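Keep in mind that this is a model prediction, so the values were computed, not measured.
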Amino acid sequence: MAAQLDYTTINEIFRRFHAADPEPKGELDHVNVYTLVVAVALSAQATDVGVNKATRALFQIADTPEKMLALGEEGLIEHIKTIGLFRNKARNVIKLSRILVDDYGGEVPSSRAALQSLPGVGRKTANVVLNMWWRMPAQAVDTHIFRVGNRTGICPGRDVTAVERAIEDHIPAPYQLHAHHWLILHGRYTCKARKPACGACLIRDLCQFEEKTL
């Protein structure tokens, strides 16, 4: 685990991220906040590409909790059976859809606690939805952010909660909204787990990773 970087260095890192991509976007396809919740819930232990392929046709016919309930668990399974853990995920999507209809009038709630009360929605999923839909500076820490944060010293921590806190505590306020997207995309395409592309990294000179590649 790298040591926590200082304010000036972190500010410069995010200045560069912003200059390269001022409005980073999540890569999960969705048409409204409900389909975003479903897509993020389905993405656990799956790739965004695989989820998007499965949901392309699904969201054309089931883009509200009412329509998802009408489709039913078996109908949903037919659409998502290429995704890992599809049976459990289908069960959770149907359950959360029922709760949304019965308890929230078919609307997705906008608090972390309410979102986390839904089956299959953990803190990371709730933070993604809060950030992407309601533009709340919530930090969804996944494996990419955990790796990047600890390699570089941007937001080191021994678990995802510690990394989330480090982002909130150390990244300057103007960059908080997009912080987790910049870090995810950096981890996905540059600071990769097995073969980091350090030679093409725009923050190479500021990073504390001791095993930099050429």
Side-chain angles (χ1 to χ4, degrees), residues 21-73 75-80 82-145 160 164 167-168 173 175-185 188:
D21 186 4
E23 289 285 331
K25 305 293 183 185
E27 297 183 323
L28 282 172
D29 293 339
H30 58 283
V31 298
N32 55 31
V33 65
Y34 170 72
T35 55
L36 177 59
V37 171
V38 172
V40 180
L42 293 177
S43 71
Q45 300 181 44
T47 66
D48 288 359
V49 172
V51 172
N52 290 341
K53 184 176 180 181
T55 58
R56 193 167 295 122
L58 171 65
F59 291 159
Q60 291 180 1
I61 61 173
D63 60 355
T64 68
E66 293 86 356
K67 292 177 182 177
M68 191 68 75
L69 291 172
L71 179 63
E73 187 173 327
L76 174 56
I77 284 174
E78 285 303 306
H79 285 277
I80 67 170
T82 56
I83 301 174
L85 306 174
F86 65 90
R87 291 192 183 279
N88 187 56
K89 290 177 180 179
R91 192 175 304 115
N92 282 334
V93 168
I94 294 300
K95 286 181 179 178
L96 74 82
S97 298
R98 173 54 62 192
I99 292 172
L100 290 177
V101 170
D102 291 348
D103 297 348
Y104 297 99
E107 301 293 326
V108 175
S110 59
S111 79
R112 183 183 287 116
L115 286 167
Q116 286 188 248
S117 72
L118 300 173
V121 177
R123 186 178 180 89
K124 183 181 78 172
T125 297
N127 282 347
V128 171
V129 175
L130 291 170
N131 180 276
M132 289 181 64
W133 193 260
W134 283 289
R135 297 182 69 81
M136 175 179 171
Q139 309 302 333
V141 178
D142 68 351
T143 55
H144 295 301
I145 293 180
V160 294
E164 182 181 334
I167 294 173
E168 294 172 345
Y175 301 119
Q176 285 278 334
L177 178 61
H178 295 308
H180 95 272
H181 278 133
W182 280 315
L183 292 170
I184 286 172
L185 294 172
R188 186 172 290 168

At what distance, to the nearest 0.5 angstrom, does CG of Leu118 lie from NZ of Lys95? 12.5 Å

How long is the gap from CG on Leu183 to NE2 on His144, to the nearest 0.5 Å? 11.5 Å

Side-chain contact, heavy-atom cut-off 4.5 Å: His79 with Ile61? yes

Would you mind reporting whether Trp134 and Val129 have side-chain heavy atoms less than 4.5 Å apart? yes

Are the side chains of Thr82 and Lys53 in contact, using a 4.5 Å heavy-atom criterion? no

So do the side chains of Leu115 and Thr125 get within less than 4.5 Å of each other, counting heavy atoms only? no

Euclidean distance, Leu100 CG relative to Leu69 CG, rounded to 0.5 Å: 9.0 Å

If you define the side chain from C-beta out and look only at heavy atoms, does anything of His30 sit under 4.5 Å from Thr55? no

Point-to-point distance, once rounded to the nearest 0.5 Å, from CZ of Arg123 to CD of Gln116: 6.0 Å

With Ala41 via side-chain contact (heavy atoms from CB on, under 4.5 Å) - residues at least two apart: none

Between Gly84 and Lys89, the two heavy atoms sitting closest are O-NZ, 3.0 Å

Rounded to the nearest 0.5 angstrom, the CG-CE distance for Leu96 and Met68 is 8.5 Å

Nearest-0.5 Å distance, CD1 of residue Ile145 to NE2 of residue His181: 8.5 Å

